[in-house]
Amino acid sequence: MSYKIIFFDVDGTLTHHENGTISTKTREIVRSLKHKGLKIVAATGRPLSLCEEIRELGIDTLITANGAFTVHNEEIIHKLSMDKHAVREVFEYAASENHGLSFYTKELSMNGVKDENILKTLNETLSLSDYPQISERIYDEDIYLMCLFADEKTAEQYAQRFPHLMFKRWHPFVVSVLQEEITKSVAILNVLNYFNIDHSEAIAFGDGENDIDMIELAGLGIAMGNGSDKLKSAADFVTKKSGEDGIEFALKNFGIL
């Protein structure tokens with residue numbers, strides 16, 4: 001099969017699964033793939049403002065906010081923003097209950113609630129060592145994604161309070177707050193259409209459960225060795241961990257490198 005495009009999750013895939021760094025080897029691989037004429041796309045839960053390191057790799061097509069905001073260079077390919085009234089309702093309820101809530105515009109902000117579990121999760125999911133900025137009237141902006149920091153009991157509390165919204169868990173302590181289904185695969189379909197490439201000509205790498213739909217859509221879906229068991233069971237191939245050059249191992253296995 002001749003593949004034309006590769007979609008990479010970022011944290012735990014392009015980055016080392018333990019320390020969040022991008023290795024020299026990974027940087028070289030991205031350059032080599034581009035030199036071979038393959039299109040390279042990053043598909044991440046990060047907001048656009050936290051993708052500068054990815055842009056520096058030479059990746060100019062970015063699926064951000066878990067699929068809600070997609071750009072090629074500076075051109076917007078696809079975006080889904082939330083109803084401002086719905087955002088404000090959740091914002092005000094979270095404030096009254098002292099629950100942590102993050103907001104994805106092109107940047108990342110939070111509602112100011114601080115907790116050691118929140119900070120630990122920000123580090124695990126976005127490689128952040130401190131809380132992002134606080135925006136007191138964030139509901140006036142275009143929000144592409146909200147994330148609630150919550151255990152199962154708290155998430156169920158919100159699901160009952162806001163039956164018109166969806167609460168989709170993608171981390172043991174984080175659920176996405178959605179008005180409509182936002183997935184990486186929907187964004188990928190828009191990218192494939194933009195470049196006139198069939199999904200069978202795509203490869204996708206991921207490590208999290210929010211990557212399952214992405215690797216199922218691609219012609220070749222690859223799970224990182226550090227990925228979740230659910231993801232691995234959905235993948236066509238399970239490679240080594242990201243910190244063990246898993247991307248290189250898989251690409252060599254399939255003759256891409």
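All residue numbers in this chain count up from 1 along the given sequence.
Residues Ile63 and Tyr3 are members of separate hydrophobic clusters, defined by side-chain heavy-atom contacts under 4.5 angstrom among Ile, Leu, Val, Met, Phe, Trp and Tyr. Residues Ile203 and Val10 share a single hydrophobic cluster, defined by chaining ILVMFWY side chains whose heavy atoms lie under 4.5 Å apart. The cluster map of Ile, Leu, Val, Met, Phe, Trp and Tyr, joined by side-chain heavy atoms under 4.5 Å apart, puts Leu220 and Ile29 in the same cluster. Cluster annotation: Leu145 and Ile138 are assigned to distinct hydrophobic clusters (Ile/Leu/Val/Met/Phe/Trp/Tyr, side-chain heavy-atom contacts under 4.5 Å, transitive). Ile134 and Leu122 fall into different hydrophobic clusters, where Ile, Leu, Val, Met, Phe, Trp and Tyr side chains are chained together by heavy-atom contacts under 4.5 Å.
Distance check, rounded to the nearest 0.5 Å: CG of Leu33 to CD1 of Ile40 gives 4.5 Å. In this structure, the separation between CD1 on Ile6 and CG on Leu38 is 5.0 Å, given to the nearest 0.5 Å. Interatomic distance, CD of Glu18 versus CG of Asn226, reported as 8.5 Å (0.5 Å rounding). Atoms CG and CD, on Asn253 and Glu248 in that order, are 12.0 Å from each other to the nearest 0.5 Å. Note that the NZ atom of Lys114 and the CG atom of Asn117 stand 15.5 Å from one another [nearest 0.5 Å]. Distance check, rounded to the nearest 0.5 Å: OG of Ser176 to CD1 of Ile182 gives 7.5 Å.
The backbone N or O of Gly246 sits less than 3.5 Å from a side-chain atom of Thr239, completing a donor-acceptor pair. In this structure, Thr125 contributes its side chain and Thr121 its backbone to a donor-acceptor pair below 3.5 Å. In this structure, the side chain of Asp151 engages the main chain of Thr154 through a donor-acceptor pair within 3.5 Å. Judged purely by atom type and a 3.5 angstrom limit, Arg169 uses its side chain to pair as donor or acceptor with the backbone of Pro172. When atom types are taken as modelled, the side chain of Asp213 and the backbone of Ser185 share a donor-acceptor pair closer than 3.5 angstrom. Ser242 places no side-chain N or O within 3.5 Å of a backbone atom of Leu14 that could act as its donor or acceptor partner.
Nearest heavy-atom pair, Gly100 versus Ile118, reported as atom, atom and distance to 0.1 Å: CA-CD1, 3.8 Å. Among all heavy-atom pairs drawn from Ser129 and Leu119, the shortest one is O-CD1, 3.9 Å. Ile247 approaches Thr13 most closely through the heavy-atom pair CD1-O, 3.5 Å. Across all their heavy atoms, Gly225 and Val238 have their closest contact at CA-CG1, 4.4 Å. The minimum heavy-atom distance linking Ser81 with Gln179 is given by the pair O-OE1, 4.4 Å. Residues Met224 and Lys232 approach most closely at O-CE, 3.6 Å, considering heavy atoms.
Between Phe237 and Phe254, the distance separating the two ring centers is shorter than 6.0 angstrom. Aromatic rings from Phe205 and Phe8 are positioned such that their centres are separated by under 6.0 Å.
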Could you go through the side chain to side chain contact (heavy atoms under 4.5 Å, CB included) check for Leu101 and Met110 one step at a time? CA-CA 6 Å; Leu101 200 61; Met110 279 194 69; over 6 Å; no
Check the pair Ile188, Phe7 against side chain to side chain contact (heavy atoms under 4.5 Å, CB included), reporting the backbone distance first and the verdict last. CA-CA 8 Å; Ile188 284 172; Phe7 296 88; 3.6 Å; yes
Going through the checks in order, is the side chain to side chain contact (heavy atoms under 4.5 Å, CB included) test met by Leu62 and Thr70? CA-CA 6 Å; Leu62 298 159; Thr70 303; over 6 Å; no
In sequence, state the C-alpha distance, the side-chain angles, and the governing distance for Ser23 and Thr21, and then conclude on side chain to side chain contact (heavy atoms under 4.5 Å, CB included). CA-CA 6 Å; Ser23 68; Thr21 60; 5.8 Å; no
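In summary, Asp140 and Arg88 do not engage in a salt bridge, as defined by a charged side-chain N under 4.0 Å from a carboxylate O.
Using a 4.5 Å heavy-atom threshold, the side chains of Trp170 and Val175 count as separate. Between Met146 and Tyr104 the shortest side-chain heavy-atom distance does not fall below 4.5 Å. By the 4.5 Å heavy-atom criterion applied to side chains, Phe103 and Leu108 are not counted as neighbours. The closest side-chain heavy-atom distance from Leu217 to Leu189 is below 4.5 Å. Counting only heavy atoms from C-beta outward, the side chains of Leu128 and Asn123 never approach each other to under 4.5 Å. Inter-residue side-chain proximity for Ile215 and Asp236 is flagged as unmet; no heavy-atom pair is nearer than 4.5 Å. Taking the side chain as every heavy atom from C-beta outward, Thr105 and Asp142 never approach each other to under 4.5 Å. In this structure, Ile5 and Val41 have side chains that are in contact, with non-hydrogen atoms separated by less than 4.5 Å.
With Tyr144 as the aromatic partner, Lys79 does not meet the cation-pi criteria of under 6.0 angstrom to the ring centre and within 45 degrees of the ring axis.
Using modelled atom types, one finds no donor on one side chain facing an acceptor on the other under 3.5 Å when comparing Glu92 with Tyr139.
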Do any side-chain atoms of residues 45-61 form donor-acceptor pairs under 3.5 angstrom with protein atoms, and if so which ones, sequence neighbours left out?
{"unit_1": "Arg46", "atom_1": "NE", "unit_2": "Asp11", "atom_2": "OD2", "d": "2.9"}
{"unit_1": "Arg46", "atom_1": "NH1", "unit_2": "Leu50", "atom_2": "O", "d": "2.8"}
{"unit_1": "Arg46", "atom_1": "NH2", "unit_2": "Asp11", "atom_2": "OD1", "d": "2.8"}
{"unit_1": "Ser49", "atom_1": "OG", "unit_2": "Lys106", "atom_2": "O", "d": "3.4"}
{"unit_1": "Thr61", "atom_1": "OG1", "unit_2": "His72", "atom_2": "ND1", "d": "2.8"}

Could you list the donor-acceptor pairs under 3.5 angstrom formed by side chains in residues 157-167, with sequence neighbours left out?
{"unit_1": "Gln157", "atom_1": "NE2", "unit_2": "Tyr93", "atom_2": "OH", "d": "2.8"}
{"unit_1": "Gln157", "atom_1": "NE2", "unit_2": "Glu97", "atom_2": "OE1", "d": "3.3"}
{"unit_1": "Tyr158", "atom_1": "OH", "unit_2": "His99", "atom_2": "ND1", "d": "2.9"}
{"unit_1": "Gln160", "atom_1": "NE2", "unit_2": "Glu156", "atom_2": "OE2", "d": "3.0"}
{"unit_1": "His164", "atom_1": "NE2", "unit_2": "Glu89", "atom_2": "OE1", "d": "3.4"}

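Within a 6.0 Å radius of CG in Asn19, more than 12 heavy atoms belonging to other residues, nucleotides or ligands are found. The number of heavy atoms from other shown groups lying within 6.0 Å of NZ (Lys120) does not exceed 12. The 12-atom threshold is exceeded at CD of Gln133, counting heavy atoms of other residues, nucleotides or ligands nearer than 6.0 Å.
Ring planes of Phe149 and Phe173: tilted class, angle from 30 to 60°.
Listed by first and then second residue, the salt bridge (Lys or Arg N to Asp or Glu O under 4.0 Å) pairs involving residues 183-208 are Lys4-Glu201, Asp9-Lys184, Lys184-Asp211 (not counting sequence neighbours).
Each of Val191, Val71, Val186 was scored for a side-chain contact (heavy atoms from CB on, under 4.5 Å) with His78, with one residue passing: Val186.
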